[in-house]
Amino acid sequence: MKTSTALGGIAILVLIVGGAVLSGILDPDYDTSAVDAQNQVPDQQLLAHGKYLAQAGDCAACHTTKDGAPFAGGVAVPTPFGTIYGTNITSDQEHGIGDWTSADFYKVLHDGIAPEHPLYPAMPYTSYRGMSRADSDAIFAYLQSVEPASTPNRDTTIPFPFNIRPLMRGWNLLFLKDTLPSVSKGDSDEWVRGRYLTNVLGHCTECHTPRGSLGQLKLGKSYEGGAAEAIHAPDITPAALAARGWTVEDLQRFLAKGIAPQGSAYGGMYDAFHHSTRFLSEGDNKAMVKYLTGDTPRQAVVFKPEPVADTAENLRAGRSHYLALCAGCHAATGQGKPNVTVALAGNSTLRNPDPHNLIQVVLHGLDAKSFPDQQGRQAMPGFSDKLDDEQVADLVNYLRGSFGGQPSDVTAKAVLAAH
């Protein structure tokens, strides 16, 4: 009898605490700051700094569509639970954040809670939580200066019960962390700045870390690669970067220019480059790379492809497909052509132990993209209509084995799963 009473009391207590958490009465409150008066006397230096931070934070990638007004929202963010759309964060008072305070904005970044309701972690507050109040205020001041766009927000397609927003407070209680694990070792000032740029502002963890069944980051595997989109975010731990041939200098070039000897940015990384990393100052560029590689970078592994004449018997079918379909742009020996296509010999995607992205590119191709210094990459067609799964596997195995030094063990079954 006493045990039943005790269990009943515990259950009631859990219900009361749970109800209090979900109701929002325990949500934190923050004070407003001096930036709330910026509309009256704009501080141009603060606005310029806020713009830089918004670029470093890659806000445009989710809040600006290809043909839409800046920061007017509408970008689709697919998740396993349904599609979420980036919201209007212009100064429009009806559809944007024109009637928010700096405290409201900081609460969104720090806790994932907007004035109307909790947000889903597709908005990377799980990383932004580490942002300083000063940087939050600067970004807020800048966004308040952006031309208002009267663009209504799109509803999510999240089904029941995940569409019950208050449940996100429970999710936060379980999974929201004050700090994220460090991907490398270091203690220099440059490394510390790089950790802030990478873990917090750049929120690289959000794409490059796998997630659990409830959408939570698997922080024990930080930066070991994520599969949120068709093109997977690869493993960018220091060991993985070095194994794929990335040097400090090449990483700096890639973040600034989108192109390096290891290949060009594509998929979600092109958006991150286009909207964010190319705008980093030289010092912040170096700091981010310092954090990704550590205060004592590993030696990059150099790969030299085998001569074409030495192609193994089991790769010759793939080589025939390569010569027929790929060599016209990539050249017979895989050296590529400037402003047409990248080199394949030593390409980071081909050197990736996970063949998923290579299979995706062979099947579906790539869009044309432009890069700084009048550089570009022409569109690449997909070959899903020209090759069957067995033939795609042969081609992928040839590319990986001849140009990437990887095992030629991709099967037709793996290709089918990637369609």
Side-chain angles (χ1 to χ4, degrees), residues 227 229-232 234 243-245 254 258-270 301-371 374-419:
E229 299 181 356
I231 296 295
H232 291 177
R244 298 201 303 275
F254 182 75
I259 299 179
Q262 294 81 359
S264 62
Y266 64 98
M269 188 59 213
Y270 179 83
V301 178
V302 177
F303 171 74
K304 295 182 179 180
E306 296 293 330
V308 174
D310 294 339
T311 302
E313 181 68 32
N314 67 321
L315 299 181
R316 289 186 179 172
R319 183 182 175 220
S320 295
H321 299 315
Y322 177 80
L323 292 175
L325 299 172
C326 313
C329 290
H330 289 283
T333 55
Q335 70 266 33
K337 296 181 181 179
N339 288 321
V340 175
T341 190
V342 297
L344 296 179
N347 184 280
S348 185
T349 297
L350 274 61
R351 294 185 68 179
N352 192 338
D354 182 355
H356 175 86
N357 285 350
L358 179 57
I359 295 172
Q360 284 287 321
V361 171
V362 170
L363 285 173
H364 306 297
L366 293 171
D367 294 335
K369 295 297 182 185
S370 60
F371 299 94
Q374 297 182 325
Q375 297 295 301
R377 184 188 70 224
Q378 292 186 7
M380 171 188 159
F383 300 111
S384 60
D385 59 340
K386 293 181 175 64
L387 301 175
D388 62 28
D389 291 346
E390 190 70 45
Q391 292 170 325
V392 170
D394 288 338
L395 175 56
V396 167
N397 283 327
Y398 170 72
L399 294 170
R400 281 166 57 82
S402 297
F403 298 128
Q406 295 299 313
S408 302
D409 55 3
V410 175
T411 63
K413 184 177 180 181
V415 174
L416 176 63
H419 272 276

### Task
Give a yes or no on whether the ring-centroid distance for Phe371 and Phe254 is below 6.0 angstrom.
no

### Query
Would you say the side-chain atoms of Gln335 pair up with the backbone N or O of Ala345, donor to acceptor, closer than 3.5 Å?
no

### Query
What is the distance from atom OG of Ser348 to atom CG of Leu358, rounded to the nearest 0.5 Å?
11.5 Å

### Query
Where do Arg377 and Ile259 land on the side-chain contact (heavy atoms from CB on, under 4.5 Å) test, with the steps shown first?
CA-CA 10 Å; Arg377 184 188 70 224; Ile259 299 179; over 6 Å; no

### Task
Nearest 0.5 Å please: distance from the CG atom of Asn397 over to the OG atom of Ser408.
5.0 Å

### Query
So how far is it from Met380 CE to Cys326 SG, rounded to the nearest 0.5 Å?
6.0 Å

### Task
Determine the minimum heavy-atom distance between Val342 and Ser264, stating which atoms define it.
CG1-OG, 3.5 Å

### Query
Is any side-chain heavy atom of His330 less than 4.5 Å from a side-chain heavy atom of Tyr322?
yes

### Query
Taking all non-hydrogen atoms of both residues, which atom of Lys337 and which atom of Cys329 are closest, and how far apart?
CG-O, 3.4 Å

### Summary
Smallest heavy-atom separation, Ala331 atom then Gly336 atom, equals CB-N, 4.3 Å

### Query
For Ala230, does its backbone N or O pair with a side-chain atom of His356 as donor and acceptor, under 3.5 Å?
yes

### Query
If you look at every heavy atom in His419 and Ser384, which pair is closest and at what distance?
CE1-CB, 4.4 Å

### Query
If you round to the nearest 0.5 Å, how far is CG of Asn357 from CD of Glu229?
10.5 Å

### Message
Set out, in order, the CA-CA distance, both residues' side-chain angles and the distance that settles side-chain contact (heavy atoms from CB on, under 4.5 Å) for Arg400 and Asp409, then state yes or no.
### Response
CA-CA 9 Å; Arg400 281 166 57 82; Asp409 55 3; 4.1 Å; yes

#### Entry: Closest non-hydrogen atom pair, Phe403 against Thr333
CE2-O, 3.5 Å

### Query
From Gln406 CD over to Asn352 CG, what is the distance, rounded to the nearest 0.5 angstrom?
7.5 Å

### Query
Under 3.5 Å, side chain of Arg244 to main-chain N/O of Leu350, donor-acceptor pair present?
no

### Message
Just so I know, are the side chains of Val415 and Val396 near enough to count as touching, which here means a heavy-atom distance under 4.5 Å?
### Response
no

### Query
Given side chains that start at C-beta, do those of Ile231 and Met269 come closer than 4.5 Å, heavy atoms only?
no

### Task
Check Ala343 against Asn347 and note the closest heavy-atom contact, atom names and distance.
O-ND2, 3.3 Å

### Task
Output, in order, the C-alpha distance, side-chain angles, deciding distance and verdict of side-chain contact (heavy atoms from CB on, under 4.5 Å) for Tyr398 and His321.
CA-CA 9 Å; Tyr398 170 72; His321 299 315; over 6 Å; no

### Side chains of Tyr266 and Val361 in contact at under 4.5 Å (non-hydrogen atoms)
yes

### Message
Any non-hydrogen side-chain atom of Gln375 less than 4.5 Å from a side-chain atom of Asn339?
### Response
yes

### Message
Rounded to the nearest 0.5 Å, what separates atom CG in Leu399 from atom CG in Asp394?
### Response
11.0 Å

### Task
Could you tell me whether the side chain of Leu325 reaches within less than 4.5 Å of the side chain of Leu387, counting heavy atoms only?
yes

